[in-house]
Amino acid sequence: MNVLLRWAVGVGAVLAGLFGLFLYWRLRFFFRDPHRVPPADTRAVVAPADGFVTYVKRVELGAIPHATKKGRSIPLEEFTSMNSSASGYLIGIYMSEYSVHRNRIPVAGIVSFRQHRSAAPFNKSMARVGANLLTRHTPYDEGCDYILTNERLTIAITHRSGSVLTVTQIADLWVDRIVANVAVGQAVSRGEQYGMIRFGSQCDVFLPDELVEEVTVTPGQYVFAGQSVVARSPISVAEGPLLEEEA
């Protein structure tokens, strides 16, 4: 009897410990907010999210595919509705359960577009990309239908040069909600925190050619929001929007 009691107490203690760790992750670790300082280089475009770079894709003539499904590139409505004819680079960043999930602004400018798109018909799990990263199976986005179907929120930032950069927050299956505390017409600074995706996510950034001299990240690399350099621009991306007297 004493053996059974000790066994039951031991199992209970283990379960309580695991539950405590889960609560710590869910309520404290996940919401941590470390201080981040953008690099001194004013031409450095910073990562919008912590996580693993899953792809760096060349985009031509504004046809912005987040993935290729069954050999067919699929542009997303939020980009086509902008009527953009820009070419550039699309960088995907997968935020693991260990990542800081707060998102930051890659370049200074004005928020010129904001659009939320619901899941179609429901959010799919991002476990496949995590498994691909763990096994080093490339391309890391192979078989990842969530990139096309899950809930997302896209903002566009117009740089003082007139070039437009976009950032897309993509929800995972278990996501509570996407948060983006910015509005159209709002001035934003490079490295400024603007939102988060609760409990699992991905963040994509589209960089137009005018703001890219060199892409500095590769798939599989881990980056930090507001701090890691994903590209270098031929011009400064740290300065705010042009004032009327400057225009």
Side-chain angles (χ1 to χ4, degrees), residues 33 36 38 45-51 57 59 62-67 74-95 100-123 146-172 175-208 210-212 225-226 230-231 233 237-243:
D33 185 13
R36 297 284 171 80
V45 179
V46 297
D50 282 34
K57 297 184 177 182
V59 177
I64 304 179
H66 273 231
I74 303 176
L76 297 172
E77 293 178 1
E78 60 264 33
F79 291 102
T80 57
S81 65
M82 293 172 61
N83 295 318
S84 173
S85 60
S87 58
Y89 296 88
L90 183 70
I91 301 172
I93 301 172
Y94 168 70
M95 304 162 71
V100 173
H101 276 64
R102 299 178 184 271
N103 301 131
R104 295 179 180 271
I105 299 294
V107 304
I110 295 286
V111 176
S112 53
F113 176 88
R114 174 186 169 123
Q115 181 171 315
H116 174 266
R117 196 194 78 176
S118 299
F122 55 85
N123 283 337
Y146 72 84
I147 301 173
L148 301 170
T149 63
N150 284 20
E151 176 191 5
R152 66 195 63 237
L153 194 153
T154 297
I155 65 169
I157 301 166
T158 300
H159 180 257
R160 61 190 286 138
S161 66
S163 297
V164 180
L165 170 151
T166 61
V167 182
T168 300
Q169 299 165 292
I170 307 174
D172 196 359
V175 157
D176 180 60
R177 66 190 176 104
I178 296 175
V179 177
N181 298 314
V182 288
V184 172
Q186 180 177 335
V188 289
S189 303
R190 185 186 61 155
E192 175 184 343
Q193 184 182 142
Y194 80 95
M196 70 182 303
I197 319 172
R198 297 184 176 182
F199 309 117
S201 47
Q202 179 166 315
C203 195
D204 284 11
V205 56
F206 170 69
L207 307 174
E210 296 83 5
L211 296 182
V212 179
V230 296
S233 172
V237 293
E239 299 174 3
L242 284 171
L243 302 176

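For the numbers below, each heavy atom of this structure counts, side chains included, while hydrogens, waters and symmetry mates do not. Please read these numbers as outputs of a predicted model, since none were measured by experiment.
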Residues Asp204, Lys57; criterion salt bridge (charged side-chain N to carboxylate O under 4.0 Å, His left out); working and verdict: CA-CA 11 Å; Asp204 284 11; Lys57 297 184 177 182; over 6 Å; no

Worked verdict on Ile178 versus Glu151 for side chain to side chain contact (heavy atoms under 4.5 Å, CB included): CA-CA 9 Å; Ile178 296 175; Glu151 176 191 5; 4.0 Å; yes

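- Applying the side-chain contact (heavy atoms from CB on, under 4.5 Å) rule to Ser118 yields the partners His116; only residues at least two apart in sequence or on another chain are considered.
- Checked against side-chain contact (heavy atoms from CB on, under 4.5 Å), Asn181 has the following partners two or more places apart in sequence or in another chain: Val179.
- Here the side chains of Ile157 and Ser112 are not in contact, with every heavy-atom distance at 4.5 Å or above.
- Between atom CD1 of residue Ile93 and atom CD of residue Gln169 there is a gap of 12.0 Å, rounded to the nearest 0.5 Å.
- Val212 meets the side-chain contact (heavy atoms from CB on, under 4.5 Å) test with Tyr89, Leu207, Val215; sequence neighbours excluded.
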Derivation and outcome, side chain to side chain contact (heavy atoms under 4.5 Å, CB included), residues Ser87 and Val59: CA-CA 5 Å; Ser87 58; Val59 177; 5.8 Å; no

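- Here the CZ atom belonging to Arg152 is positioned 12.5 Å from the OG atom belonging to Ser201, to the nearest 0.5 angstrom.
- Rounding to the nearest 0.5 angstrom, the gap separating the CD1 atom in Ile110 from the OG1 atom in Thr158 is 8.0 Å.
- Listed by chain and number, the residues in a side-chain contact (heavy atoms from CB on, under 4.5 Å) with Val46 are Pro39, Arg190 (sequence neighbours excluded).
- Of all non-hydrogen atoms in Leu165 and Val167, the two that sit nearest each other are CD2-CG2, 3.7 Å.
- With sequence neighbours excluded, the residues satisfying salt bridge (charged side-chain N to carboxylate O under 4.0 Å, His left out) with Glu239 are Arg160.
- Closest approach of Glu210 to Ser163, counting heavy atoms only: CB-OG, 3.1 Å.
- Residues Tyr194 and Ile155 share a closest heavy-atom pair of CE1-CD1, 3.8 Å.
- The minimum heavy-atom distance linking Pro38 with Gly191 is given by the pair CG-CA, 4.1 Å.
- The two residues Met95 and Val100 have their closest heavy-atom pair at CE-O, 3.8 Å.
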Step-by-step side chain to side chain contact (heavy atoms under 4.5 Å, CB included) determination, Arg104 to Glu192: CA-CA 5 Å; Arg104 295 179 180 271; Glu192 175 184 343; over 6 Å; no

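- Taken from OG1 in Thr168 to CD in Gln115, the straight-line distance is 10.0 Å, to the nearest 0.5 Å.
- In this structure, CD1 in Ile105 is found 9.0 Å from OG in Ser189, a value given to the nearest 0.5 Å.
- Residues that satisfy the side-chain hydrogen bond (donor to acceptor under 3.5 Å, both in side chains) test with Gln193, not counting sequence neighbours, are Asp33, Arg102.
- With a 4.5 Å cut-off on side-chain heavy atoms, Arg114 and Leu153 count as touching.
- When all heavy atoms of Ala49 and Asn103 are compared, the pair lying nearest together is CB-ND2, 3.6 Å.
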